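First up is the structure itself, then whatever we jot down about it.
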Amino acid sequence: MQEKYQPADVEIAAQDFWNQSGAARAIEDINRPKYYCLSMFPYPSGKLHMGHVRNYTIGDVLARFHRMLGDNVMQPMGWDAFGMPAENAAIQNNVPPAQWTYANIDYMKTQLKRLGFAIDWEREIATCQPEYYRWEQWLFTRLYEKGLIYQRLGTVNWDPVEHTVLANEQVIDGRGWRSGALIEKREIPMYYMKITAYAEELLADLDQLDGWPEQVRLMQKNWIGKSTGVRFAFPYELDGQPGQLWVFTTRADTIMGVTFCAVAAEHPLASYAAARDPRVAAFVEECKQGGVAEADLATMEKKGVPTGIFVTHPLSGEPIEVWIGNYVLMGYGDGAVMAVPAHDERDFAFAKKYGLPIRQVIAKGREDGFGDGSGYGGGTGSGSGAEDGSGSDVAITDFSLSAWQEWYGNKYIGVCVNSGKYDGLGYHAAVDAVAVDLAAKGLGEKKVQFRLRDWGISRQRYWGCPIPIIHCAACGDLPVPDQDLPVVLPENVTISGAGSPLAKMPEFYETTCPKCGGKAKRETDTMDTFVESSWYFLRYCCPDNDHAMVDERVSYWCAGGIDQYIGGIEHAILHLLYSRFWTKLMRDLGLFGEHRLDEPFAHLLTQGMVVAPTFYREDSHGKKQWLNPAEVDAVHDERGRAVGASLRADGLPVIVGGIEKMSKSKNNGVDPQALIEQFGADTARLFIMFASPPDQSLEWSDAGVEGAFRFLKRLWRIVYEHVSAGPVAPTPAAPLSTGLQGLRRQLHQTIGKVADDYGRRKQFNTAIAAVMELLNAYGRITDDSAAARAVRQETLEAVTLMLNPIVPHICEALYAALRPGHTLSGQAFPKPDANALVQNEIELVLQINGKLRGSLRVPVGADRASIESAALASGAAQKHLAGTAPKKLVVVPGRLVNIVA
RNA sequence: GCCGAGAUGGCGGAAUCGGUAGACGCAGCGGACUCAAAAUCCGCCGGUGGAAACAUCGUGGGGGUUCGAUUCCCCCUCUCGGCACCA
């Protein structure tokens with residue numbers, strides 16, 4: 001054993017050993033429990049950043065821990081290789097996207113190997129390879145034939161200068177990021193996947209995902225957004241033709257308070273009005289300005305214009321004016337809403353702005369539970385109303401915003417007033433009665449509605465999976481036949497930035513119709529990259545199968561779901577929802593045979609993001625040039641926030657942006673390479689695991705890296721000193737000294753804690769801290785007896801085994817030094833020895849009036865009475881009670897006594 | 001705007017089911033070793049008052065429940081993530 005810790009030597013030796021022994025190879029074995037440990041695959045952006053190191057270290061810790069528990073572990077890795085950054089790099093550097101992508105994969109793969117992750121590289125996938133995406137195209141054709149993929153118009157961001165569709169990310173303050181042109185909405189034909197057909201199941205199955213964080217289930221639930229309400233129509237007549245304006249509401253109890261309706265700018269009534277009124281036309285035009293991102297739509301100023309069209313209130317018969325509102329979305333429901341200004345904050349603001357009537361129809365009454373489980377369900381009206389006296393009717397008289405907000409509060413539900421026959425009814429009774437009356441007129445019914453929309457998968461981009469459709473003038477749109485798959489994406493192209501190069505390549509799009517054999521045109525749109533990431537985890541099980549998308553090996557590795565999935569919390573909704581959806585689609589196509597797989601991920605660990613400050617400069621066109629934090633010197637205020645910064649290269653100031661997740665687009669990723677080169681992979685792994693619990697977001701700072709390195713050096717030295725002192729005799733039969741007993745007890749407590757932290761809590765920082773404490777206690781033992789050496793040997797062996805999942809290279813070396821002729825690989829995780837944990841006495845906290853005033857030593861298992869008398873006899877109790885009797889005595893067994901004076 | 005999460009010493013964080021706030025580490029300060037430095041080892045390390053014992057305040061802000069609240073409830077502020085074409 002070397003005297004000094006040399007991480008580079010230790011790590012190369014360990015990795016060579018693992019590679020030779022095939023330690024990370026995962027081979028199906030039905031006789032062993034499997035453990036499929038999956039980390040979200042990276043986009044090959046160039047270099048790893050700290051977020052990757054964190055993600056894959058967590059995965060590796062769990063994979064190695066489960067291997068030590070005896071599980072047959074598979075930990076695969078691949079590349080989410082299609083995407084926009086490759087096209088942007090192509091424009092900037094004049095390199096084809098494929099070349100750029102494969103070069104990045106090579107480099108990042110080297111970095112992952114250098115970190116020593118126990119990945120089965122035989123299963124590597126890159127989604128840009130035809131062997132991968134051919135199956136995605138194959139599934140597309142099946143879904144298209146079943147009607148689960150269909151075509152319709154969708155709205156996109158259009159850059160009128162570059163004549164290009166832009167991603168939301170490329171629209172900044174309503175302008176194109178390169179051209180600076182004002183962005184317009186444009187409708188183009190797109191393919192959609194019918195995820196709404198699975199809305200009920202995607203919602204219901206969240207209940208069975210008890211291995212998922214509650215917050216993620218809640219976010220998905222809200223995203224799916226099931227609401228029960230009433231869909232109904234306002235009849236109207238235009239040019240003598242009858243029509244119906246359909247809307248959906250969850251507040252049908254307020255229907256008598258409707259004072260206007262609002263429709264989207266793309267609604268047929270809006271088009272009708274625009275054709276006749278130039279002012280309306282101008283407003284509809286104005287609504288086309290700006291991008292399609294919902295965050296922008298939701299935060300912009302609410303504007304509207306009257307159409308001059310009146311519809312008829314379905315119950316009161318009153319005329320109701322139709323307005324166009326820029327906040328009404330055509331893609332949600334019917335593209336029209338009823339407006340009740342007295343009882344909806346947005347309608348209220350709109351009515352105040354345009355001087356529209358406000359009619360109160362709800363009064364404070366009993367606070368009826370809104371939605372599910374209120375106990376009101378199916379009410380006949382008899383139980384509702386204000387007669388229980390819990391609240392008297394208070395009318396809104398002051399319609400100022402502040403008074404209104406105070407009254408209305410947080411979605412206040414009360415009792416109907418000014419509503420004719422519905423007066424006195426509570427929420428559920430009123431909704432039921434209104435629905436019955438609307439149904440009687442054929443103008444409406446109760447309806448379940450989802451917020452979830454169908455998934456538009458068409459992208460007008462080059463670097464993606466081609467959509468396997470052929471457009472024939474005679475036969476229509478046809479899926480590419482199986483024998484012609486894959487539709488291979490040509491890789492040698494030049495990217496100009498204006499439109500997809502595929503649309504300019506006749507050799508790609510000119511084809512023949514598979515049905516009539518005539519001339520036909522191939523679809524030139526590619527698929528959303530979320531499609532590739534929706535099923536890659538299944539393909540890891542059988543990456544070499546060239547005659548089927550998946551095979552029986554999926555049944556082995558994915559039985560009961562993938563055992564652990566680890567990835568960033570930013571994927572909590574879209575990626576995870578799409579993956580759940582695809583798994584259900586594949587199940588319903590029978591691809592899993594008799595092994596039904598309903599949900600792909602049994603346990604989910606959502607990693608907090610590694611965030612870093614962002615810095616930028618604006619060029620002459622106002623375009624932001626992002627600067628890496630490593631190139632910038634920042635000035636901080638006393639709260640640690642960056643308040644100013646300059647670029648090191650020129651000393652000139654740069655603008656300080658927010659603290660955001662490390663990303664290619666904001667150029668704030670920190671490359672771990674320097675860290676690994678200076679301290680080694682184990683220090684990098686230890687440091688990132690010790691820095692914070694995995695689900696918490698972490699602002700990157702390398703302060704403290706040396707502490708992690710110091711710890712490993714110290715561990716090395718401790719083992720070196722112990723081993724150098726010669727062989728150890730077997731544990732003696734004689735009882736141990738109190739000190740050695742204490743160390744053994746702490747050792748076995750630590751083993752229990754570390755196993756719990758790895759296995760159940762998945763909190764690695766506290767596991768590391770516990771081992772550090774154990775080594776601190778080890779260092780306090782000065783005893784050199786044979787018994788002490790035996791306890792030391794036991795402790796150090798256990799420490800190397802406990803730390804192995806986190807810092808496997810150094811542990812491999814230390815274990816070999818501690819047990820010559822043995823290797824760590826194949827060793828089981830240690831188990832606590834119950835005998836070592838036995839204690840005779842424990843210390844209880846003594847509180848007086850809830851404040852710490854001392855402690856008590858009592859025998860283990862002491863009864864309540866003896867604890868109470870010991871507490872009252874204590875000096876602290878005597879002093880604070882001063883002879884008076886305590887009012888109360890609280891005894892928490894094993895923890896504390898609280899005397900209430 | 002909507003949905004979800006977070007805020008604890010100078011810093012990262014701990015306190016797992018309502019029971020000793022600040023484990024463990026970083027930085028800092030003091031000391032040992034050294035010709036010196038590095039490395040290493042030992043000690044101190046939330047604020048205020050006090051020589052000390054100890055007292056008192058203290059977990060983003062305000063209120064509440066409780067013998068006892070970082071933890072539960074209500075309101076607010078700020079930060080982060082997502083919002084359907086970044087991945």
Side-chain angles (χ1 to χ4, degrees), chain A residues 40 42-43 45 80 83-85 154 156-157 165-171 213 215-216 218-219 221-223 225 291-300 302 327 331 346 452-461 528-530 533 568-575 577-578 608-609 611 638 640-641 658-661 663-666 687 690-693 695-699 701 703-708 710-711 713-714 717 753 756-757 760-761 763 765-766 768-773 776 779 843-852 854-855 887-890 892 895-896 898-901:
Chain A
M40 288 184 187
Y43 177 77
S45 55
D80 190 12
M84 263 191 351
V156 294
N157 302 305
V165 176
L166 296 185
N168 286 336
E169 190 195 46
Q170 299 171 311
V171 179
Q215 69 163 288
V216 175
L218 187 56
M219 279 191 269
K221 181 182 178 215
N222 291 337
W223 183 263
V292 298
E294 200 202 286
D296 296 333
L297 296 171
T299 48
M300 72 188 174
K302 309 290 178 285
Y327 60 92
R346 192 178 59 189
L452 184 68
R453 306 198 296 261
D454 276 341
W455 174 15
I457 55 167
S458 293
R459 297 292 179 268
Q460 299 67 49
R461 268 187 261 290
D528 181 0
T529 56
F530 271 125
S533 58
I569 182 68
E570 71 270 29
H571 295 294
I573 296 175
L574 292 178
H575 162 61
L577 190 64
Y578 292 149
M609 269 150 309
V611 297
E638 69 273 8
R641 289 190 205 184
I659 294 168
E660 299 183 53
K661 72 168 169 174
S663 72
K664 178 89 183 164
S665 58
K666 297 286 169 67
F687 176 63
F690 186 54
S692 77
D695 55 350
Q696 219 167 87
S697 71
L698 170 65
E699 189 178 340
S701 154
V705 172
E706 300 213 21
R710 230 177 349 242
F711 173 73
K713 279 195 290 185
R714 188 164 156 241
R717 196 180 56 247
K753 179 182 171 48
D756 187 48
D757 277 353
R760 179 182 64 91
R761 294 219 297 158
Q763 188 167 301
N765 55 331
T766 47
I768 295 164
V771 176
M772 286 175 168
E773 285 183 76
N776 289 343
E843 193 157 280
L844 292 185
V845 165
L846 176 63
Q847 290 185 343
I848 293 162
N849 291 331
K851 287 191 175 172
L852 175 69
S855 63
K887 289 202 189 88
K888 191 172 177 181
L889 268 172
V890 181
V892 183
R895 281 215 178 256
L896 60 65
N898 187 18
I899 302 171
V900 184

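Just so it is clear, the model here is predicted, and its values are computed rather than measured. Residue numbers begin at 1 in each chain, while the letters A, B, ... track the order of the sequences.
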[X] vs [N]: side-chain N/O to OP1/OP2 distance below 4.0 Å:
X	N	value
A/K887	B/G68	no
A/N765	B/G25	no
A/N776	B/G25	yes
A/Q215	B/G6	no
A/N222	B/G4	yes
A/R710	B/A27	yes
A/R895	B/G68	no
A/Q763	B/A15	yes

For the pair made of [atom1] in [X] and [atom2] in [N], what is the distance, rounded to whole Å?
X	N	atom1	atom2	answer
A/Q696	B/U79	CD	C1'	13 Å
A/Q847	B/U20	CD	P	7 Å
A/L698	B/G6	CG	C1'	13 Å
A/F690	B/C26	CZ	P	8 Å
A/L577	B/C3	CG	P	18 Å
A/E699	B/A5	CD	C1'	17 Å
A/L896	B/A69	CG	P	12 Å
A/F711	B/C41	CZ	P	12 Å

Do we see a donor-acceptor contact under 3.5 Å between the side chains of A/D757 and A/T766?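 Yes, because at least one side-chain N or O of A/D757 sits under 3.5 Å from a partner of the opposite role on A/T766.
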Ignoring the backbone of [X], work out which of [options] is nearest its side chain.
X	options	answer
A/A298	B/A14, B/G1, B/U16	B/G1
A/R714	B/C41, B/A14, B/G12	B/C41
A/V900	B/G13, B/C67, B/G4	B/C67
A/R760	B/G12, B/A14, B/U16	B/U16

Identify whether the glycosidic angle of B/C33 places it syn (within 90° of 0) or anti. anti
Glycosidic class, syn or anti, of B/G9 using a 90° window around 0: syn
When all nucleic acid strands are considered with a 4.0 Å heavy-atom cut-off, which category describes [X]: base, sugar-phosphate, or nothing?
X	result
A/L218	sugar-phosphate
A/K664	nothing
A/K753	base

Gap in Å between the two [atom1] atoms, one belonging to [N] and one to [M], rounded:
N	M	atom1	value
B/G60	B/G28	C1'	26 Å
B/C75	B/U56	C1'	29 Å
B/C24	B/G1	C1'	42 Å
B/U59	B/G68	C1'	16 Å
B/A52	B/U20	P	27 Å
B/A23	B/G30	C1'	24 Å
B/C78	B/A84	P	24 Å
B/A14	B/U70	C1'	11 Å

Per-nt protein contacts along nucleotides 80-87 of chain B (heavy atom under 4.0 Å; B base, S backbone sugar-phosphate only, - none) come out as SBSBBBBB
If the test is side chain to side chain contact (heavy atoms under 4.5 Å, CB included), which one of A/D80, A/L574, A/I457 qualifies with A/F530?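 Exactly one candidate clears the test, A/L574.
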From [atom1] ([X]) to [atom2] ([Y]), nearest 0.5 Å:
X	Y	atom1	atom2	answer
A/R714	A/N776	CZ	CG	5.0 Å
A/Q763	A/N765	CD	CG	5.0 Å
A/N849	A/K888	CG	NZ	12.0 Å
A/Q170	A/S665	CD	OG	10.5 Å
A/M300	A/L297	CE	CG	5.0 Å
A/I768	A/E773	CD1	CD	12.5 Å

Within a reach of under 6.0 Å around CD of A/E706, are more than 12 heavy atoms found that belong to other residues, nucleotides or ligands? no
Does a sphere of radius 6.0 Å around CZ in A/R761 hold more than 12 heavy atoms from other residues, nucleotides or ligands, not counting ones at 6.0 Å or beyond?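 Yes - once you tally the heavy atoms of other residues, nucleotides and ligands closer than 6.0 Å, there are more than 12.
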Check: A/D528 and A/W455 side chains under 4.5 Å, non-hydrogen atoms: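 Heavy-atom side-chain distance check passes, below 4.5 Å.
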So do A/H571 and A/V216 actually touch side chain to side chain, heavy atoms under 4.5 Å?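 A side-chain contact is absent here, since even the closest heavy-atom pair is not under 4.5 Å.
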Of A/G779 and A/A770, the one whose closest nucleotide on RNA chain B sits nearer the 5' end is A/A770
For A/K302 and A/D695, find the nucleotide of RNA chain B closest to each by heavy atoms; which residue's nucleotide sits nearer the 5' end?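 This one resolves to A/K302.
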If you look at every heavy atom in A/I569 and A/Q215, which pair is closest and at what distance?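 Taking every non-hydrogen atom into account, CD1-OE1, 3.6 Å.
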Which stems, defined as runs of 3 or more consecutive Watson-Crick or G-U wobble pairs with both pairing distances under 3.5 Å, involve RNA chain B? B:1-7 with B:77-83, B:10-12 with B:24-26, B:28-32 with B:40-44, B:46-49 with B:54-57, B:60-64 with B:72-76
